K.L.:
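First, the structure itself, so that you have it in front of you.
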Amino acid sequence: MEWEDHEDYLRIFAPKAFSFKENIGYLSRSADECMFSISDEKIYRALALQNETVVVEISSEGDRILFVRFLSGAAQDARAEVARYIWEWFDLDTNLESFYQLTKNDPLLHEPTAKFYGLRNVGLPDLFEALAWGILGQQINLSFAYTLKRRFVEAFGKKVDHYWLFPLPETIARLQVDDLAALKMTQKKAEYLIGVARLIESNELSKEKLLEADFKTAEKMLVNIRGIGPWTANYVLMRCLRYPSAFPIDDVGLQNAFKLTLGYDEKPTKAEIRQYAEHWRGWETYATFYLWRMLY
DNA sequence: AACCAGGGAAGAT
DNA sequence: ATCTTCCATGGT
């Protein structure tokens, strides 16, 4: 991690193949997002750290240096924690150069990788947030998913200045199914969310445990949880745990992105998707992420 | 106003 | 192992 602490601000030096503009563009894709806001090419959000809560403003100097100001909070030890969070959020440990090398002649990926050069898998570092977003998003369109997330966050999260912190698992673990169903999600979703919150609260499930396992083992650990099938498991393996080979192959967005990018009239079959994906073995996460980006 | 969306569970084959 | 049905809401 490369960064400088200047007390009232931080500078974070992104690696090659990073474009602040592309990442801002990605983060601006939904007007209904409630976990951060973007205005004038700057990102604003609250972060819950070990010992305090801070509000940060993230802008850029050029396209490779992230410039972080603290709008509230930021004791000495918090600043390194913020730098680490942002480093992870933008997936700055990944070297994208070999991905670009691999895809520059790929019939499907050459277009998205050229168009969105420097885009990162801007993830969901918090495991409960990633799982909850996956569960909330099951079987509904994206706009309703954002509506549900907003209701969930505003009902059970915490507001810091103008910004929301995602609900904590210990809060959700204590709810009844009806408390969540009142937000107009299905009874099942309410059950799944409470179940996952309880597993995290009891530490039976944690990011650390999932990261100790290899990809296939972590996938099995997740799929064994009620409410988490292959789609949600791979979504979380991609966006939170950052296994490079995660691949939600049944995702309808992925099928639509194939259709759009290849100019097909019909969605591709699973076999076709597998065939294309052979070329990007080890980079399925980034391939999926760039293909999704084609859709909005 | 009927019908569809779409991932997961549960039950059936 | 693979299939069918159900969930329950918002969008069309």
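Quick caveat, the model's predicted, so the values are computed rather than measured. Below, chain A is the first sequence line, B the second, and so on; all start at residue 1.
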K.L.:
Assess R45(A) against W89(A): is NZ or CZ under 6.0 Å from the centre of the six-membered ring, and within 45 degrees of the ring's axis?
P.N.:
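The answer is yes, since R45(A) meets both limits relative to W89(A).
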K.L.:
Any ion pair linking E81(A) and R84(A) (charged N to carboxylate O, less than 4.0 Å)?
P.N.:
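Salt bridge between R84(A) and E81(A), a charged N being under 4.0 Å from a carboxylate O: no.
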K.L.:
Can you pull out the residues from residues 221-236 of chain A that lie within a 4.0 Å heavy-atom distance of DNA chain B?
P.N.:
I225(A), R226(A), G227(A), I228(A), G229(A), P230(A), W231(A), T232(A)
K.L.:
Rounded to whole Å, how long is the line connecting atom NZ of K267(A) with atom P of dC4(B)?
P.N.:
14 Å
K.L.:
Taking E170(A)'s backbone N and O only, do any of them form a donor-acceptor pair with R174(A)'s side chain (distance below 3.5 Å, no angle check)?
P.N.:
yes
K.L.:
Assess whether ring pair (Phe, Tyr, Trp, His ring centres under 6.0 Å) is satisfied between Y100(A) and Y117(A), documenting all intermediate values.
P.N.:
CA-CA 9 Å; Y100(A) 289 142; Y117(A) 181 88; 4.7 Å; yes
K.L.:
For the rings on W133(A) and Y146(A), is their centre-to-centre separation under 6.0 Å?
P.N.:
yes
K.L.:
Roughly how many Å is it from NZ in K270(A) to C1' in dG7(B), rounded to a whole number?
P.N.:
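That distance rounds to 12 Å.
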K.L.:
What does the B/S/- profile of nucleotides 6-12 of chain C look like, 5' to 3', with a 4.0 Å heavy-atom cutoff to protein?
P.N.:
--BSSS-
K.L.:
Please check: side-chain N/O of D250(A) versus main-chain N/O of W231(A), any donor-acceptor pairing under 3.5 Å?
P.N.:
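Pair absent, no side-chain N/O of D250(A) close to backbone of W231(A).
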K.L.:
Could you spell out the base pairing of DNA chain B in dot-bracket, with Watson-Crick or G-U pairs whose two distances are under 3.5 Å, [ ] crossing and | to another strand?
P.N.:
.||||.|||||||
K.L.:
If you measure from the Lys or Arg side-chain nitrogens to the Asp or Glu carboxylate oxygens, is any gap between R198(A) and E204(A) under 4.0 Å?
P.N.:
no
K.L.:
Under the 6.0 Å and 45° cation-pi test, does R11(A) pair with Y9(A)?
P.N.:
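Judged by the rule, R11(A) and Y9(A) form no cation-pi pair.
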K.L.:
Could you tell me whether a side-chain N or O of N224(A) sits under 3.5 Å from a main-chain N or O of M221(A), the two making a donor and an acceptor?
P.N.:
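No, because the side chain of N224(A) does not come within donor-acceptor range (under 3.5 Å) of the backbone of M221(A).
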K.L.:
Please work out which of the three classes, parallel, tilted or perpendicular, describes the rings of F258(A) and Y276(A), given edges at 30° and 60°.
P.N.:
perpendicular
K.L.:
For atom P, what is the distance between dG11(B) and dA8(C), given to the nearest Å?
P.N.:
15 Å
